[in-house]
Amino acid sequence: MRVVYAVDLETTSLSPDEGDIRLVAVTGADGSRVTSNVRDVETILRDPSVLKVFHNSLFDAYWLRRKKFEVRNFADTMVLSQVLHGDVKAGNKLVDLAKQYLGLELNKELQSAENWLGELTDQHVAYATADSEATYRLYPILMDRIRERGLEAVAERETRALTALIRMQSDGILFDYEGWTSELDRYVASAQALQEDIRAKLECPELNLGSSVQLKSALLSVGVNVSSTKQEELAKFGYASPVVEMVLRHKKALKILSAYGDKLLRRIGSDGRLRGDWRLLGTVTGRSTCSNPNLQGLPKTAKRFCVAEPGWSIVTADFSQIELRVLAELSGDPEMLQSFRDGKDLHRKTAAKVFAKSEEDVTDRERQAGKVINFGLVYGMTAFGLRNKLSAQEGLSITLEQAERFRNDYFELYPGVLRFQDTMLRSSRVKSLGGRHWDSKALKEIMRFNYPIQSTAAEGFKESLILLNDRMPGHWRLIAAIHDELVVEVPEQEVERAEQLLQDCMTTGMGCLVTGVPIEVDVNAGAHWIK
DNA sequence: GCCATCACG
DNA sequence: ACGTACGTGATGGCA
């Protein structure tokens, strides 16, 4: 008979950097108890034969880890709910589940951390107990539903991946504050100079470049008529118009400054490390996300300032063309499969087909266009979209007819891909290789062939992450997991071992789901994050 | 509070 | 005739 305890923490702050654990409520078959001293329940937390259940372990188990308490063997009712309901955003709070499954109205008046700073009353104790009791009762109910829906494999993978995410959340990234600050100064200077120039050229001294409404009309006054001020549209004029080119550069600088300037710096902890709020399940396809700040969206320029501590190295490893490989697996397209098996460059191959020349004669620009075509068509792009993208991204202007021909050429080369998309459009359910499934009626047509691909890649990625976390030594740091890239920080003399381990875990992990296509992983190491 | 825009994959 | 590529998170402008 398995021993299970639900555990709920109450803390004096949202962040363990600034607060303390105030109460721990524990509920088991023998009832509930509450303590203000974690030491009282330390042995339960550490005992691998006792299953702990949290609701949102990326809060509770993360806090415990940051406060140096070991937690072994745990599950998470929030994650189970997310797996079960498909909706990973709404309806997974403890209050929602208590109401839905237990017919219980939980009182959430004390939820906010500021309610846990002063004297604790019976009311506080009752509040914590109610949460852990609800969690305790929910766990078997949710597990039953998971089994009924055939989602055990998904739930188990997600549960196992939690440990890795908690570790990543705890470890954070050492950030070169000084270096980034002076880099920002350069962006400020450049943005200011550009703004002056642009205002003068457009004869509009008050122009707010952040306002697309104002920018559009100012550009019109010098004869540049754009339908929108987004990069993609402006790029069509940029090559011919110096002022548009300046606007594009200004936008870039402004973006960096607003999103990754002071706001980023304010998120650095007293240990110099940058920590975001990781979510195990941020998307319905099974990807993880990160916010405050979004470490998955750090601009390349900022990654240079994510550094290793002295004597250590940052090691990165990323899957090469993983979604295309998954597409090859799912579609079974012979040409695409053979290409990957032969270790060929798929972008070059596609370019050779649409530009009607041999692979050796494909230029770099043509290969880039091949890349746009490969990626665009994975997502179900139309000829219209393809034409726009090629024009905006590659400065390649083609007619709609030519774009249509590119598309037809592509599907002539990879007929299995067309068949795959067709099958997905006609099925009542679409599935990932890792056990997720969606009712087609609930999905826009295009999502029906995108979800299986994105989802399978995300699931294989999580298998890799789980393997890595299980196998990597405790003193290494897990820094980031970004859809197809894993980042660790290790002592310099262990770099080679880390590169090997990453490569091995990633090919093996993805190989759990993708069996017919070779998986390639590129590794890198250095004093900072290189992508 | 929504929209447009853009950072990442 | 119509709209036109998937998934995020974060921002400033604007109503």
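The chains referred to below are lettered A, B, ... by the order of the sequence lines, with proteins before strands, and numbering in each begins at 1.
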List, one per line, each side-chain donor-acceptor pair under 3.5 Å for residues 295-302 of chain A, sequence neighbours excluded.
from   : atom 1 : to     : atom 2 : distance (Å)
A/Q296 : NE2    : A/S288 : O      : 3.2
A/Q296 : NE2    : A/A481 : O      : 3.1

>> Restricting to side chain to side chain donor-acceptor pair (under 3.5 Å), what partner residues turn up for A/Q402, sequence neighbours left out?
In response: A/T399
> What is the nucleic acid contact for A/M447, judged by heavy atoms within less than 4.0 Å: base, sugar-phosphate only, or nothing?
Replying inline: sugar-phosphate
> Is A/L400 atom CG crowded by more than 12 heavy atoms from other residues, nucleotides or ligands, each under 6.0 Å away?
Replying inline: yes
> Does DNA chain C take part in any stems of at least 3 consecutive Watson-Crick or G-U pairs (both distances under 3.5 Å), and if so, which ones?
Replying inline: B:1-9 with C:6-14
> For residues 413-446 of chain A, which residues have at least one heavy atom under 4.0 Å from DNA chain B?
Replying inline: none
> Sequence neighbours excluded, which residues qualify as side chain to side chain donor-acceptor pair (under 3.5 Å) partners of A/N469?
Replying inline: A/R167
>> Around atom CG of A/D364, are there more than 12 heavy atoms from other residues, nucleotides or ligands closer than 6.0 Å?
In response: no
> Can you name the residues that form a side-chain contact (heavy atoms from CB on, under 4.5 Å) with A/I479, not counting sequence neighbours?
Replying inline: A/I173, A/R273, A/R477, A/V487, A/E489
> Among residues 285-305 of chain A, which residues get a heavy atom nearer than 4.0 Å to DNA chain C?
Replying inline: A/R287, A/T289, A/C290, A/S291, A/N292, A/N294
Between side-chain atoms of residues 455-465 of chain A and protein atoms elsewhere (two or more places apart, or another chain), which donor-acceptor pairs fall under 3.5 Å?
from   : atom 1 : to     : atom 2 : distance (Å)
A/S455 : OG     : A/T285 : O      : 2.9
A/T456 : OG1    : A/L433 : N      : 3.1
A/T456 : OG1    : A/P452 : O      : 2.6
A/E459 : OE1    : A/S432 : OG     : 3.0
A/E459 : OE1    : A/G434 : N      : 2.8
A/E459 : OE2    : A/S432 : OG     : 2.8
A/E459 : OE2    : A/R436 : NH1    : 2.9
A/K462 : NZ     : A/E158 : OE1    : 2.7
A/K462 : NZ     : A/E158 : OE2    : 3.4
A/K462 : NZ     : A/L280 : O      : 2.9
A/K462 : NZ     : A/G286 : O      : 2.8
A/E463 : OE2    : A/R157 : NE     : 2.7
A/S464 : OG     : A/G460 : O      : 2.9
A/S464 : OG     : A/M506 : O      : 3.3

>> Classify the ring geometry of A/F175 against A/W180: parallel below 30°, tilted from 30° to 60°, perpendicular beyond 60°.
In response: perpendicular
> Can you tell me how far C1' in C/dA5 sits from the matching atom in B/dC6, rounded to whole Å?
Replying inline: 16 Å
> Do A/S339 side-chain atoms and A/K344 backbone N/O form a donor-acceptor pair below 3.5 Å?
Replying inline: no
>> Going 5' to 3' along DNA chain C, between which two nucleotides do contacts with chain A fall, using a heavy-atom cut-off of 4.0 Å?
In response: C/dT4 to C/dC14
>> Using the side chain to side chain donor-acceptor pair (under 3.5 Å) criterion, which residues pair with A/W63? Sequence neighbours excluded.
In response: none
> What is the nucleic acid contact for A/G376, judged by heavy atoms within less than 4.0 Å: base, sugar-phosphate only, or nothing?
Replying inline: base
>> Holding to side-chain contact (heavy atoms from CB on, under 4.5 Å), I want the full list of residues that pass it with A/V517, two or more places apart in sequence or in another chain.
In response: A/R325, A/A328, A/E329, A/L337, A/F340, A/V514
> With rounding to whole Å, what would you report as the distance between B/dT5 and C/dC2 at their P atoms?
Replying inline: 22 Å
> Among all residues two or more places apart in sequence or in another chain, which pass the ring-ring contact (aromatic ring centres under 6.0 Å, His included) test with A/Y410?
Replying inline: A/Y414
> Does A/H483 or A/F384 map to a spot on DNA chain C nearer the 5' end, using the closest nucleotide for each?
Replying inline: A/F384
> NZ of A/K252 versus C1' of B/dA7: gap in Å, rounded?
Replying inline: 9 Å
>> So A/K230, base contact, sugar-phosphate only, or nothing? Heavy-atom distance under 4.0 Å.
In response: sugar-phosphate
>> Using modelled atom types and a 3.5 Å cut-off, is there a donor and acceptor pairing between side-chain atoms of A/Q169 and backbone atoms of A/G276?
In response: yes
